[in-house]
2 protein chains.
Amino acid sequence: MNSAKPWMHCVPDMPITLDGDGPLHEQIRKAFARKISARDLKPGDRLPFEHELVRSLNTSRMTVSRALQALAEDGLIVRRRKAGSFVAEQTAFETPVTIHVPRNQIEAAGKRYGYKRLSKAKMTPVSQGSANHVLHLVCLHTADEKPVLLEKRWINLDAVPAAADETFKGLPPGEWLLRNVPWNEAEHTISAIGADEETATCLQIKPGTACLKVDRRTWSGDASITHVSLIYPGDQMKLAGQYRPGQQALSAP
Amino acid sequence: MNSAKPWMHCVPDMPITLDGDGPLHEQIRKAFARKISARDLKPGDRLPFEHELVRSLNTSRMTVSRALQALAEDGLIVRRRKAGSFVAEQTAFETPVTIHVPRNQIEAAGKRYGYKRLSKAKMTPVSQGSANHVLHLVCLHTADEKPVLLEKRWINLDAVPAAADETFKGLPPGEWLLRNVPWNEAEHTISAIGADEETATCLQIKPGTACLKVDRRTWSGDASITHVSLIYPGDQMKLAGQYRPGQQALSAP
DNA sequence: CAGTGGTCTAGACCACTGC
DNA sequence: CAGTGGTCTAGACCACTGT
């Protein structure tokens, strides 16, 4: 029986070519990122051991280790003690999507930012466990007087009692929370919906128009802070993300 | 005149409390992430200098430096030579969105994956500079025989001539490209569209139904490889992202 | 020009794990 | 149990930058 396992494979002749640009650990990282990106190293292939790279590159172990750890953090390789470092299998991939605070986003586009609170109401939720009292807000954000974002928000008054005293007539609740309430965990969901009657009226679009909906739930420890639905007319808003070469996991083209 | 500038502010008494769990550099990183998350340290505040932390924590500079560099990579702090490390201002934030290979995503949900190539055609694009010949594909992905994803793809035959000889009848083009073509850069756009007649027919939904559209453009160096539009019925597909505590930049609740 | 972070070295000990 | 990566130390020199 052949004892050579597929994941033990290591390209026999692997000259590491550094580009001489920037810090040494970054050059090493880029060199392997290039090889992986170009399929010169394939998923499952073993990289040289740290001590081999230390010898061949005539450097110290910290420098090599830093390069390989960066690759591991980016998901390009997997490191296992006693076994070595291996090119990661490619299944899913993650792309960073940037979601801006409405005011910044609109002003960055060179437009005049406008804000209006449409409604504010205290509620006692029928379902949900943690919150006894909830503040519900509906707000409209405009760019050059044109509605571009409908915000439906629920704030947990048990966790944020001070919110009950705020009118939110001048300051959007997102910005108020940002300044006043600490949080440490958030969850996002992006989906597409057809505008219902109320949404369509607020955004001055036809009912049924496709809209992008971003749901964000925010926690502080175990306590739920707020849940917000941001509804953008689909043709006016796009969320964009970009890879930087060799800095992310690979995926399906 | 008072020479103390606002960004020079540093909380005078800043006891760093480590939780004693895990590597030291990680404990230090978490300690400051906690302080920032809880607004104990506010945007613009200066963190202690490296040499101060080395003294107060009785450790080495490499360890402190590694913790602070991790915070800088996560966007929680900004580091400036000669000035110090400061809590970052919070404007936008990024959330990682996971986009799976259709087959994996459907099979992970415990459903039967199905695939059908609807059309394949060579085209000569009227606009666009880099590609003279383009292969256009329309494919349908199903879960338990139900259409869940329409894929419209364009492949640059100048960069990937081998694609012309593939039928793509059994193997989705995304998986074929993943196995055969290296790439190193990708750009994503997420938007909402109403289904047109053709899309609605393919996905067996009513025309005008809101759909989530993910556009991905892929490059290898300067050469464009492929552009794909993935169209999901809005109610069936959500893209989800999540923060891990203290590992990401802060933003608007 | 002085003080900060950025990088690097040559060691060390330890935890885990595959054999 | 031997070999790998994970972490850490106590130094060093350098680049940048604010004053």
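Throughout, protein chains are lettered first and strands after them, A, B, ... in sequence-line order, and every chain is numbered starting at 1.
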Separation between NE2 (A/His141) and CD1 (A/Ile106), nearest 0.5 Å, reads 7.5 Å
If you restrict it to nitrogen or oxygen atoms, what contacts under 3.5 Å exist between nucleotides 5-9 of chain C and the protein, and what is each distance?
residue : atom : partner : partner atom : Å
C/dG5   : OP2  : B/Glu50 : N            : 3.3
C/dG5   : N7   : B/Arg61 : NH2          : 3.2
C/dG6   : OP2  : B/Arg79 : NH1          : 2.6
C/dG6   : O4'  : B/Arg81 : NH2          : 2.9
C/dG6   : N7   : B/Arg61 : NH2          : 2.6
C/dG6   : O6   : B/Arg61 : NH1          : 2.8
C/dT7   : OP2  : A/Arg66 : NH2          : 3.1
C/dC8   : OP1  : A/Leu24 : N            : 2.3
C/dC8   : OP2  : A/His25 : N            : 3.4
C/dT9   : OP1  : A/Thr59 : OG1          : 3.4
C/dT9   : OP2  : A/Thr59 : OG1          : 2.7
C/dT9   : OP2  : A/Ser60 : N            : 3.0
C/dT9   : OP2  : A/Ser60 : OG           : 2.8
C/dT9   : OP2  : A/Thr63 : OG1          : 2.8

May I ask you to decide whether B/Arg61 forms a salt bridge with B/Glu52, counting only side-chain N to carboxylate O separations under 4.0 Å?
-> no
Review point. Is it the case that more than 12 heavy atoms not belonging to A/Asn58 sit under 6.0 Å from its CG atom?
Key: no
Lys/Arg N to Asp/Glu carboxylate O, A/Glu187 vs A/Arg216, below 4.0 Å | no
note: A/Arg55, atom CZ; C/dA10, atom P; distance rounded to Å ~ 15 Å
For DNA chain C, the expected dot-bracket line (Watson-Crick or G-U under 3.5 Å, [ ] crossing, | inter-strand) is ||||||||||||||||||.
_Quick one about A/Ser229 and A/Asp215 (side-chain donor to acceptor, distance below 3.5 Å, no hydrogens or angles considered), yes or no?_
yes
Nearest heavy-atom approach of B/Ala159 to B/Ala223 is CB-CB, 4.4 Å
Only residue of A/Glu50, A/Arg80, A/Arg79, A/Arg46 satisfying side-chain hydrogen bond (donor to acceptor under 3.5 Å, both in side chains) with A/Ser85 is A/Arg79
Does any part of the side chain of A/Arg153, heavy atoms only, come nearer than 4.5 Å to the side chain of A/Cys139, both counted from C-beta? no
